[in-house]
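Only one structure is covered here, and it is reproduced in the block below.
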2 protein chains.
Amino acid sequence: MNFLKEYTQYKNLINSKLSKTAISGKPELIYSPVKYILNGGGKRMRPILTLLSSQAVGGKKYSAINAALAIEMLHAFTLVHDDIMDNAPTRRGRKTIHTKWNISAAILVGDGIIALSFLELLKTKSNKISEISKVFTKGLIDVCDGQALDKEFETNKNVTIKDYFKMIDLKTGRMVATSTEIGAIIGGGKSSEISALRKFGESLGRAFQIQDDLLDVISNKKTFGKEIGNDITSGKKTFLLLNALKKSTGKDKDLIKSIIKNNGIEKNKIEKVKDIYNRLGIINQSKNEVGKEILKACDKLYSLPKTDARQMLFWFASMLLQRKF
Amino acid sequence: MNFLKEYTQYKNLINSKLSKTAISGKPELIYSPVKYILNGGGKRMRPILTLLSSQAVGGKKYSAINAALAIEMLHAFTLVHDDIMDNAPTRRGRKTIHTKWNISAAILVGDGIIALSFLELLKTKSNKISEISKVFTKGLIDVCDGQALDKEFETNKNVTIKDYFKMIDLKTGRMVATSTEIGAIIGGGKSSEISALRKFGESLGRAFQIQDDLLDVISNKKTFGKEIGNDITSGKKTFLLLNALKKSTGKDKDLIKSIIKNNGIEKNKIEKVKDIYNRLGIINQSKNEVGKEILKACDKLYSLPKTDARQMLFWFASMLLQRKF
């Protein structure tokens, strides 16, 4: 089985379907940016996980396609609104909606995409549509709660690593887990299988976020698609910063503390912070944590029947370990 | 039947149920404002229409309560996000969320309330939950489209009265029609009854919006709860302004045109504009239009069985004619 080829096929299908969403759309103010964001590329990780999860429990190949698209749209909504809140000028190398249009348009577009995502989800032919809708809705609530925690962290000087995990589990983990759980329900999975795939998604989501924190330090702008060291200069309470705060002593600790106190640090100090991360073993610790979560995720897959879809899920998880983008 | 007493009972029930929503809420950043907005009072017109519509087609008294609450929550969401886009400092005499907290909080709160409203809706026990969810979702899409049109109108100097009706039908009418339609579905109405109640809602919504445009001119701050003449000073393309543009000549037309050209006019010109509205018969025309739509709405009710709930719907519609708030 050629995993990469298979992945590309899935991705192309998602891209093609998304490009046909809301195509005749008027008013312009809402549908031009909707098209812009839905055609903006990305890894399409979540919808592919939904499709694979459905197949992995015996569902037909594309029976979860509407839910998959709905999940990707919901993800797109979070990007649009988060970018406003974070004052982010670019995303995936392109202007963000509130920069290219304006804040009102970006708010409306996010709202509209939530609605469109529910409409897409409700096209799913399943006698479990009520349960599916509930999981989807709870996923949305958790993502909002996670984003609220993330915002609260900006002014909270006492964020712990436990708080951090709670936040990323809600903000990032839950949507990945929603992707896999809904796929498993649509595929007709047993409750043990649905639970296994949800937990797979939770661990994968956690790994994904820690990897994201890590890439902000060890990647480069071209592959990462955004400025390196952004989390450091903006004082974001990442897995790395919180662990550095815990482990550091003396002058190192003073510097880390100053980042938290001042909500960031000058750009020319990025290398100094990186050096602390290296010296204290934070980089390796983060890599280990990602690896640990990926293993935990894969462990859940063993309870599923041996299928090509399960193999794809293994591959997907392992790819994350090598992710540079 | 004491309509006002009955109405108050319904309203108190809605208020009490809403006050228990999201009560244990954390994170604070999202749930404090959620509570603030849901406990902010209001006429609770939409949820009461849902309850009455359900009963009017034979549904049990409170069988549509979850849908009713969901509708009111969705309405609350529109207020929160619209207030950001409109830079509105107050709402119902209290600070708006983005003023009392900040824009990020207000965006998040709106998003969270959408999710909470779906969660509430999905509690409805009905074998038509998929259809109900679709109507609800399409209502949300239309409201977003209506708001987008409203925003586009701000910079469009050529808005026609036809455009205006399209916008208010989407922005205001659709949510009222969604309230009545969903109530009718939950109550087990025949398709002719569901259609009649949807159309009742559409006309009522239209009447409500024109009345709102009118009250901006003829009400007073205390009863209206907001500054009088706001639509004039901000150059909003209301039913009155667009008709004045059509009917006026000479100096009157110049003044009306200048409002559109400059996106508003000084506060001290409000009386002058009011005078034009009066002289050209725009005030009476608007009152007539409201009356016409109310009659159209009531006409739809005659096809329903004679019940107390239907009587309440008649009363509700007639109250709108006397609305001063």
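Chain naming here is simple, since letters A, B, ... match the order of the sequence lines and numbering starts at 1 in each.
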Residues in residues 120-130 of chain B near chain A [non-hydrogen atoms, under 4.5 Å] = Leu122(B), Ile129(B), Ser130(B)
Using a heavy-atom distance cut-off of less than 4.5 Å, which residues of residues 95-106 of chain B contact chain A?
-> Ser104(B)
Looking at Ile30(B), Ile114(B), Leu149(B), Asp111(B), which has the largest count of heavy-atom pairs under 4.5 Å with chain A?
->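 If we count pairs closer than 4.5 Å to chain A, Asp111(B) comes out on top.
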Run the side-chain donor-acceptor check on residues 168-175 of chain A: report pairs under 3.5 Å with partners two or more places apart or on a different chain.
from, atom 1, to, atom 2, distance (Å)
Asp169(A), OD1, Arg206(A), NE, 3.0
Asp169(A), OD2, Arg206(A), NH2, 2.8
Lys171(A), NZ, Gln147(A), OE1, 2.7
Lys171(A), NZ, Asp150(A), OD2, 2.8
Thr172(A), OG1, Gln209(A), OE1, 2.8
Arg174(A), NE, Asp142(A), OD2, 2.6
Arg174(A), NH1, Glu202(A), OE2, 3.4

Measure distances from Phe77(A) to the heavy atoms of chain B and classify the residue's part below 4.5 Å as side chain, backbone, both or neither.
->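 Contact with chain B involves the side chain of Phe77(A) alone.
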Part of Leu116(A) within contact of chain B (heavy atom distance under 4.5 Å) =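 The answer is both parts of Leu116(A).
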Beyond-backbone contact of Ile141(B) with Phe118(A), side-chain heavy atoms, under 4.5 angstrom | no
Closest non-hydrogen atom pair between Gly112(B) and Cys144(A), with its separation |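 In this case the closest contact between Gly112(B) and Cys144(A) is N-SG, 3.9 Å.
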Write down the atom of Pro27(B), the atom of Asp145(A), and the distance for their closest heavy-atom approach.
-> CG-O, 3.4 Å
Heavy atoms under 4.5 Å from chain B: which residues of residues 151-162 of chain A carry them?
->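 Listed by number: Lys151(A), Glu152(A).
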